[in-house]
Q: 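Take a look at this one; I'll ask things after.
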Amino acid sequence: MLPIALPTPLVQIALGFLIGLVSNLRVALDPELFLLLFLPPLLFLDGWRIPKDELLKDVATVFELALGLVLLTVVGVGFFIDWLIPAMPLAVCFALAAVISPTDPIAVSAIAARVPIPKRMMHILEGESLLNDASGLVCLRFAIAAALTGSFSVGEASLTFLWLAIGGIAIGVAVTLMVTRTKAWISERFGEDTGSQILISVLIPFAAYILAEHLHCSGILAAVAAGVTMTFAEISRQALPATRMRRNSVWDTLQFALNGIIFVLLGEQLPGILAAAKQTVRLTNHTNPWWLGIYVLAIMLALAALRFAWVWISFRLTLFRARYDMPYRRPDWRLVAAMSFAGVRGAITLAGVLTIPLTLTDGTAFPARDLAIFLAAGVIIVSLILASIGLPLLLHGLTMPAEPSKQAEEDEARVAAAQAAISAIENVQHQMAQGRNDADIYAAAGARIMDLYRERIDSRIQQSGDTHETRKYALVERDLRLAGLKAERDAIFLMTRNRSIGSEVAQKLIRELDLLEVRFRI
């Protein structure tokens, strides 16, 4: 609706800011409660929906960005903030660097809505975000522990990290497998209830997170592992089609709502944060609040410089290695710059910084907590603004290294599925018609349905030799079918308005048409 392409998170922050200006409402959540409410379902869904094959194809690049870049950011930006703001304790500097290290692919998708991100680039960003959420927040946990205890041991931290990581992943996998197998066993014997199936899928990430935290493992990694495991569990223990469709709708709504709430909460608290800017800036031994803006910009420059350098090195070592037989050996600077601009901070950063404790173990206020929240909020907003301006410009006409077409793979799957359907229809047709006087009805119905599948097989086999013709044929067929479906829907609506048919019949027919249209628009 806006004349310029603004990402949804910026609009939500502005909405929250207006709410904070016109009302005295202030939402204050306990940090641990905030972490529990928002992070498990978001991380679980990211792990569930990320394309596993695409992730594995660029797994080296993803790990270099998700783990190496996070550690470099925590150490490099942490020391930079300590140099920039000497009044902020080093442990708090590392905590702030840890929360601003994870990226947010949802914000990137919103920014690039009018300039689509190349698929391979988006897969890398999704994989990076999935893992750096966990690694960044685990680093945050260590930094907060160091701030609370005043000590830090590399050896102890390494052992703790292994326990957190291995234990969290194991618990996430175990919880998902146990729940899905139990659910499948009950459904086989007593039938499947769609509502309860959806509710269970929503509760799985919370169960994995709470159990892992209770055993002093990483609840974050448990939620991620639970989501990844959910993909493979679904393959072997299938749900009803209605359950899958409704569950997808519920999770889409839940994802949008949780991310929206986080950004609206950020905007709602901005008036209070800005009002306290004069007091917050005193922590930095300055009096002018504009110094806070300078600090935010300086931190953003440090983040951008580190990310650009790391992406360049990572791409040289992975995507552009000689064995990939690329037409050029060096990554295009626009590609590296686009990946750097795509490092937008969002919901995870805000959720993480709000989990910083209010007090130390002795009851005194946590040092520079308000300053850390202000700087993290500033980094989120500035990164969103810069990306919304720069990313569409860099993405225009940008192409990633070529990847093989999946049309042949799709055609092979469609042909195999159609052949299996024909075989099953023949068997069922003979069983239903055996010993009946009207066997010709079953034969005619079976032949009519099998002809549809044979038409699919013939069309895929004939076009398999020309990928361009195949795509063109599919687009033409889709447009024609959508035109027909629209005409059907308009006719049904007209008959309903004229009272020629009842509302119940109309709803049934419209639902059938909607399902068909969704199929052709996927």
Side-chain angles (χ1 to χ4, degrees), residues 2 4-13 46 58 61-62 64-66 68-70 72-73 76-77 80 97 99-133 136 259 263 266 293 295-316 318-320 330-350 375-401:
L2 298 175
I4 57 175
L6 284 179
T8 304
L10 275 180
V11 178
Q12 293 164 337
I13 292 173
D46 284 343
D58 292 314
T61 304
V62 169
E64 287 169 2
L65 293 173
L69 182 56
V70 166
L72 179 65
T73 300
V77 177
F80 176 76
V99 297
I100 61 178
S101 60
T103 55
D104 188 351
I106 297 172
V108 177
S109 300
I111 291 170
R114 300 187 185 181
V115 184
I117 295 179
K119 286 186 178 180
R120 192 171 184 184
M121 178 178 173
M122 195 62 203
H123 292 152
I124 293 174
L125 291 171
E126 288 174 340
E128 176 196 3
S129 175
L130 177 64
L131 295 179
N132 70 15
D133 289 345
N259 277 286
F263 286 114
L266 169 60
Y295 290 146
V296 170
L297 293 178
I299 293 172
M300 275 300 305
L301 287 174
L303 288 171
L306 280 177
R307 184 172 178 86
F308 186 93
W310 190 268
V311 169
W312 180 279
I313 295 172
S314 176
F315 279 13
R316 286 292 300 272
T318 53
L319 292 184
F320 294 86
R330 294 184 179 180
D332 186 350
W333 73 268
R334 289 178 62 211
L335 174 61
V336 178
M339 287 292 295
S340 301
F341 269 98
V344 178
R345 275 63 185 179
I348 301 300
T349 293
L350 181 61
L375 295 176
V379 167
I380 293 172
I381 296 173
V382 172
S383 68
L384 285 168
I385 294 174
L386 292 178
S388 63
I389 297 172
L391 194 55
L393 296 176
L394 291 168
L395 287 174
H396 185 68
L398 177 66
T399 56
M400 286 286 285

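As the structure is a computational prediction, the values presented were derived from the model and not from experiment.
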Q: Is the closest side-chain donor-acceptor distance between Ser101 and Asn132 under 3.5 Å?
A: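 On atom types as modelled, these side chains do not qualify, holding no pair under 3.5 Å.
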Q: Could you tell me if the side chain of Leu65 sits less than 4.5 Å from the side chain of Ile124, heavy atoms only?
A: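 They are in side-chain contact.
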Q: Just by modelled atom types, is the Val379 backbone N or O under 3.5 Å from a matching donor or acceptor in the Ser383 side chain?
A: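 Indeed, once roles are kept as given, a pair shorter than 3.5 Å links the two residues.
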Q: With rounding to the nearest 0.5 Å, note down the distance linking CZ in Phe80 to CD1 in Ile299.
A: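 Result: 7.0 Å between the selected atoms.
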Q: Using every non-hydrogen atom in the two residues, find where Leu384 and Pro9 come nearest and quote the distance to one decimal.
A: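 Distance-wise, the nearest heavy atoms are CD1-CB, 3.9 Å.
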Q: Over all heavy atoms of both residues, which pair between Leu306 and Thr73 is shortest? Give the atoms and the distance, please.
A: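 Closest approach of Leu306 to Thr73: CD1-CA, 4.3 Å.
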Q: How close do Gln12 and Asn259 get, counting heavy atoms only, and between which atoms?
A: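 Nearest heavy atoms, Gln12 then Asn259: OE1-O, 4.2 Å.
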Q: How far apart are the closest heavy atoms of Trp333 and Trp312, and which atoms are they?
A: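 Scanning both residues, the minimum pair turns out to be CA-CZ3, 4.4 Å.
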Q: Take Leu69 and Glu64, measure what side-chain contact (heavy atoms from CB on, under 4.5 Å) needs, and give me the verdict at the end.
A: CA-CA 7 Å; Leu69 182 56; Glu64 287 169 2; over 6 Å; no
Q: Quick one: CG on Leu125 to CD on Glu128, what's the gap to the nearest 0.5 Å?
A: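 Here the interatomic distance stands at 6.0 Å.
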Q: Where do Arg345 and Ile380 come nearest, in terms of heavy atoms and distance?
A: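 Smallest heavy-atom distance, with atoms named: O-CG2, 3.6 Å.
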Q: Just verifying a value: how many Å separate Ile385 CD1 and Ile381 CD1, rounded to the nearest 0.5 Å?
A: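 The CD1 atom of Ile381 is 7.0 Å from CD1 of Ile385, to the nearest 0.5 Å.
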Q: With no hydrogens and no angle check, is any side-chain donor or acceptor of Ser129 less than 3.5 Å from a backbone partner on Thr103?
A: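 Side chain of Ser129 to backbone of Thr103, a donor-acceptor pair under 3.5 Å: yes, one is there.
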Q: Taking all non-hydrogen atoms of both residues, which atom of Leu303 and which atom of Ile100 are closest, and how far apart?
A: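 Closest approach of Leu303 to Ile100, heavy atoms only: CD1-CD1, 3.8 Å.
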Q: Quick one: CG on Leu394 to CE on Met339, what's the gap to the nearest 0.5 Å?
A: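 It is 12.5 Å, given to the nearest 0.5 Å.
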